[in-house]
Amino acid sequence: FDFLNHPVVGGPYVGWITVRLAQAVPTGTADTAEIFFTSDGGNTTPVYGYDNEPATVANLRGTGIYIFWYDGNTNYLQLVTGNF
């Protein structure tokens, strides 16, 4: 996934992102494993939950649709729907 500048405004993207998790987290993965997004360009973005706590595998309920909030000005990515 790559967070590109807004095509009309030209500034960093700020807004909602919908992600479909089609494959379950492999069995045996520690619940404390933190979640990161990595773009095609190699940029890695940590995913946060509420109160700026790192989102972990324990916050995923399984396969399905998840909603994130992204602020390109600060590179902040928050998992909004999850098991918190």
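Just so we're clear, the structure is a prediction, and the values are computed from it rather than from any experiment.
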Working to the nearest 0.5 angstrom, can you tell me the gap between T45 OG1 and I35 CD1? 13.5 Å

Distance from D71 atom CG to Q78 atom CD, nearest 0.5 Å? 11.0 Å

Do [X] and [Y] touch side chain to side chain, with heavy atoms closer than 4.5 Å?
X   : Y   : value
L79 : Y66 : yes
V14 : N73 : yes
L21 : L60 : yes

Report yes or no: does [X] contribute a side-chain atom to a donor-acceptor pair with the main-chain N or O of [Y] at less than 3.5 Å?
X   : Y   : value
Y76 : Y48 : no
T63 : A24 : no
N75 : G72 : no
R61 : G82 : yes
T18 : I67 : no

Going only through I, L, V, M, F, W and Y residues with side-chain contacts under 4.5 Å, is there a path from F36 to V57? no

Can you check whether F37 and F68 have ring centres sitting under 6.0 Å from each other? yes

Please verify the inter-ring angle class for W16 with W69; under 30° counts as parallel, over 60° as perpendicular, anything in between as tilted. perpendicular

